[in-house]
Amino acid sequence: MASDFIRDMIAADVESKKHNGKVCTRFPPEPNGYLHIGHAKSICLNFGVAKEFGGKCHLRMDDTNPATEDPEYVDAIQRDVKWLGFDWGDNLFYASGYYDKLYEIAERLIRNRRAYVCDLNEEQMSAYRGTLSEPGKNSPFRNRTVDQNLDLFRRMRAGEFKEGSCVLRAKIDMTSPNMKLRDPAIYRIKHAHHYRTGDAWCIYPLYDFAHCLSDSMEGITHSLCTMEFESARELYDWVIAAAEMPWVSRQTEFARLNLTYTVMSKRKLLELVEGKFVNGWDDPRMPTIAGLRRRGYTPEAIFEFCNRIGIAKNLSTVDLALLEFVVREDLNARSPRILAVHKPLKVVIDNYPDQIENLDAPYWPQDVPNEGSRTLPFSREVYIDADDFMEAPPKDFYRLAPGREVRLRHAYVIKCERVIKNAEGDVVELRCSYDPQTRGGVTADGRKVSGTIQWVSAAHALDVEVRLYDRLFVTERPGEERDFKEEMNPESLVVARMKVEPSLKNATANDRFQFERVGFFIADADSKPGAPVFNRTVALKDSWAKQTAKHVQSAPKTSKPKIEAKAAVATELSAEAQALKDCHGVSSEEARTMAIEPHILELFEAALASGGVAKTAAALVCNDVLGEVRARKLERAPFSGKELADLSQLIADGTLSSKQGKDVLAKMFDGEGGPKDIVKKLGISQVTDVAAIEAVVDRVLAANVDAVARFRAGNTNVLGALVGLAMKESGGKANPKTLNEVLRKKLA
RNA sequence: UGGGGGAUCGUCUAAUGGCAGGACGACGGAUUCUGAUUCCGUCUAUCAAGGUUCGAAUCCUUGUCCCCCAGCCA
């Protein structure tokens, strides 16, 4: 099972019986567009963790904006999530289904003086909000009475006011450094028809109000969303608290997916659709689920892709090559092979009798454990691909050339005897001979024929439409330098015709094939009986094409410039830090730390007052105590200066190694008493006796012969690992310095 | 600029003070009736500078760079 920081967190919550160990997630799309591969990441995460932890995942339409939403999208979303293989059971919800409850909560907020109706217009509100660096000002309407607000809000609902004339705002803090908390609007007037609630409402809740409350009402335990909602989390928590919701959901953010050569924002995708740059949301060039489906991607491939990219918080742009890799991997095992010729070149086999042979050809290569075959009609005239012939080939070309042999897949070995050209000098036909002793492609004399190419019988070939899809954009990060629409790939769709073997005649929509040596294809819904149309899902890897392309041009890969290290600025100490340095004799770093963290300084001074060893105590307090305090999200260390002083003495007098000192410190944070008690209780002591340490080292060396070999081979880092092992072997008691010396001596 | 988040091979992602690992990619080789698949090998990384430590990607300090927030969108 995949592991990531979210799953780790949920596992810890389950372990600690938070929410009684239950897990309930949700996937909350707004039905204002189609789902894309970025949503697939979220879907796989939300439904995935629910399944892994025995919980549920709800599907919720986050429909709070009647202006942009449409039932077509609701249907498409459900279709896509289902197709991806996920099941929400009875748990299909709509934010619009909570409008009554949300309204009640809004009134509750008003009654609790946590919300007010504000008549500022948009421009004024923006001005009052302040900027990133300046605090906002309170709205003149902020102090309306509860009765006034209730009256106004009810009249908003009753439709007495024009759109934009007023909003309901949360009353939080106009000076908050978090812009989201500067009295955000939570209800606005929209005299719009809603696709589900019709004209029942003319006020609609905003995301920050509706989303967290929906989560809470549904009993969502973990509300997983993307990083851009990070600063909204404080508001999320505020609303749940202010509304006095009995169920507290927790929001956690992860990085959204970006893909190279792709745009992912709904706005841009909508622009592509509405501007007719593509043929709708399910255009196979679109990164939408519907587009990928039509392109021939499988849900399994998409799921695998989502597993491989992982979940983290880094801003990330995944290489499109990975998506292509997973779909090839999946399709390789499930696509029967057929023969198709893209650029037909006529081949006449002069010594072949005027007859038709039906050859049996397996659908699958040796390494795919599937069975089945079809018959391939073979005749005197066949087509091969023009790229499989070269009149003057380089020596590493092992297809057809004058006087050379090549194998026709599943058929015969042929030899090129003559090249026929037209008046312009173009090759228009090849005259070949065949070796009758090679039926089925097997040479009777065992001679090697290195090239094998695909072909179709001229008289039997089916002429079909193929749609050759390629990446939609020519730049890795469309839109970074100029408008993304200027970076579209003019060859993202090439409609062409191919000669394919006759067995494809009855292919129907969604049948998948590998056209050998060409690519993976899927029959499109536009297929007609007897006239299938194929979409190319992805081309096969082609190392020959790559090799030949290299001769032509070697495009230097532009890598992003490494961040230049600027010369370290010799930062001066603040007056306070300088004073500390002078009076306590601590180092500059320590002085700086103490000047910033008063509780650290306080602890240090208290330790000194109790007879602590200055140097040791300072290092302890600045490097380790501070780290622990932060890691445990504490205000200050949970022990006294006296206890720290004791610890510093134990370390300074050699009773404890500094490593042991840190272990004891951790125990002090765990509330296991003072250092002396801990040392006594746990029997911690330091072994400095060289003979004893040598014995330990010998044991470790004997037990880790391979590691020793790696060290001798030059991997000096192994030394650290061996020290670690030996430390463990000694029960953590060996003096690390001595141990290190002994180990070095033994290994030398 | 106030606040929040992030920085590990070209890309994505592991490593909770002890051998920087995996995948994609790139490059090379073997096998092959698909120049595919498969297999093998090679390549490349801890943002910087200090500090603590026997030992730091990880703890501390100071910097640098990137992203998000100023919708009555979500």
Side-chain angles (χ1 to χ4, degrees), chain A residues 3 30 32 62 64-65 68 122 125-126 129-136 163-164 167 176-180 182 185 187-190 206-207 211 227-232 234 253 255 260 266 308-310 312-319 321-322 325 328 332 337 365-368 398-399 407 409-410 440-442 449 451-454 514 516-517 540-545 547 557 559-560 562-569 571 587-590 592-593 596 619 622-624 626-627 631 658-659 662 707 710-711 715 717-725 727 735-741:
Chain A
S3 171
E30 187 192 12
N32 66 347
D62 217 356
T64 53
N65 187 354
T68 57
E122 280 194 70
M125 240 181 95
S126 171
R129 187 153 32 226
T131 66
L132 294 178
S133 50
E134 301 155 27
E163 254 178 52
V167 294
S176 171
N178 182 348
M179 300 295 289
K180 287 278 180 195
R182 319 245 260 229
Y187 260 95
R188 81 292 217 187
I189 299 169
K190 271 189 187 281
L206 280 127
Y207 168 86
H211 195 94
M227 298 293 296
E228 67 270 25
F229 293 100
E230 197 149 27
S231 58
E234 218 179 334
E253 312 84 17
T260 54
K266 270 199 200 170
R308 284 184 184 237
I309 58 177
K313 298 182 83 157
N314 307 337
L315 183 79
S316 66
T317 303
V318 175
D319 195 338
L322 181 62
F325 171 82
R328 282 195 194 101
N332 179 55
R337 273 50 169 183
Q366 290 285 327
D367 56 340
V368 177
Y398 54 81
R399 279 112 95 152
R407 176 186 294 106
R409 177 81 159 155
H410 303 306
V442 190
V449 177
T452 300
I453 63 176
Q454 77 275 23
Q514 185 198 102
E516 288 205 34
R517 306 210 305 137
L540 253 35
K541 280 213 288 193
D542 188 346
S543 55
W544 171 250
Q547 192 180 326
K557 174 132 181 151
S559 61
K560 74 177 173 199
K562 268 282 179 203
I563 298 155
E564 284 293 316
K566 287 203 180 159
V569 204
T571 43
S587 74
S588 297
E589 272 72 20
E590 289 158 353
R592 227 194 298 269
T593 306
I596 301 163
C622 292
N623 294 302
D624 305 314
L626 189 49
S658 60
K659 165 84 166 177
K662 281 177 203 188
R710 276 199 298 282
F711 176 80
N715 185 348
N717 292 336
V718 178
L719 188 71
L722 288 170
V723 173
L725 254 18
M727 286 299 295
N735 174 281
K737 211 173 236 168
T738 312
L739 193 153
N740 206 301
E741 281 161 15

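What you see below is based on every heavy atom in this structure, not just the backbone, and it leaves out hydrogens, waters and symmetry mates. Please read all numbers here as calculations on a predicted model, not as lab measurements. Numbered from 1 within each chain, the chains take letters A, B, ... in sequence-line order.
Atom P of B:rG18 sits at a distance of 22 Å from the matching atom of B:rU13, rounded to the whole Å. Taking the C1' atoms as reference points, B:rA15 lies 15 Å from B:rA23, given to the whole Å. B:rA57 and B:rA49 have their P atoms separated by 13 Å, with the value rounded to a whole Å. Comparing B:rC24 with B:rC66, their C1' atoms sit 24 Å apart, to the nearest whole Å.
Where pairing requires Watson-Crick or G-U contacts shorter than 3.5 Å, the helical stems of RNA chain B with at least three consecutive pairs are B:2-7 with B:64-69, B:10-13 with B:21-24, B:25-30 with B:38-43, B:47-51 with B:59-63.
Regarding contacts with the backbone of B:rC72, every side-chain N or O of A:Lys190 stays at 4.0 angstrom or more from both OP1 and OP2. Contact check, A:Arg182 against B:rG2: no side-chain N or O comes under 4.0 Å of OP1 or OP2. Note on A:Ser543: a side-chain N or O is less than 4.0 Å away from OP1 or OP2 of B:rA36. Between B:rU13 and A:Asn314, a contact under 4.0 Å exists linking OP1 or OP2 to a side-chain N or O. Close to B:rU34, at under 4.0 Å from its OP1 or OP2, lies no side-chain N or O of A:Arg407. Considering only side-chain N and O atoms, A:Asn740 lies nowhere under 4.0 angstrom from the phosphate OP1 or OP2 of B:rG55.
B:rG71 takes the syn form, because its glycosidic angle lies no more than 90° either side of 0.
Judged by distance alone, with hydrogens and angles left aside, A:Glu590 brings no side-chain donor or acceptor close enough to the base of B:rU52 to form a pair under 3.5 Å.
Among the protein residues, A:Arg308 comes within range of the sugar-phosphate backbone only, with heavy atoms under 4.0 Å from sugar or phosphate atoms but none that close to a base.
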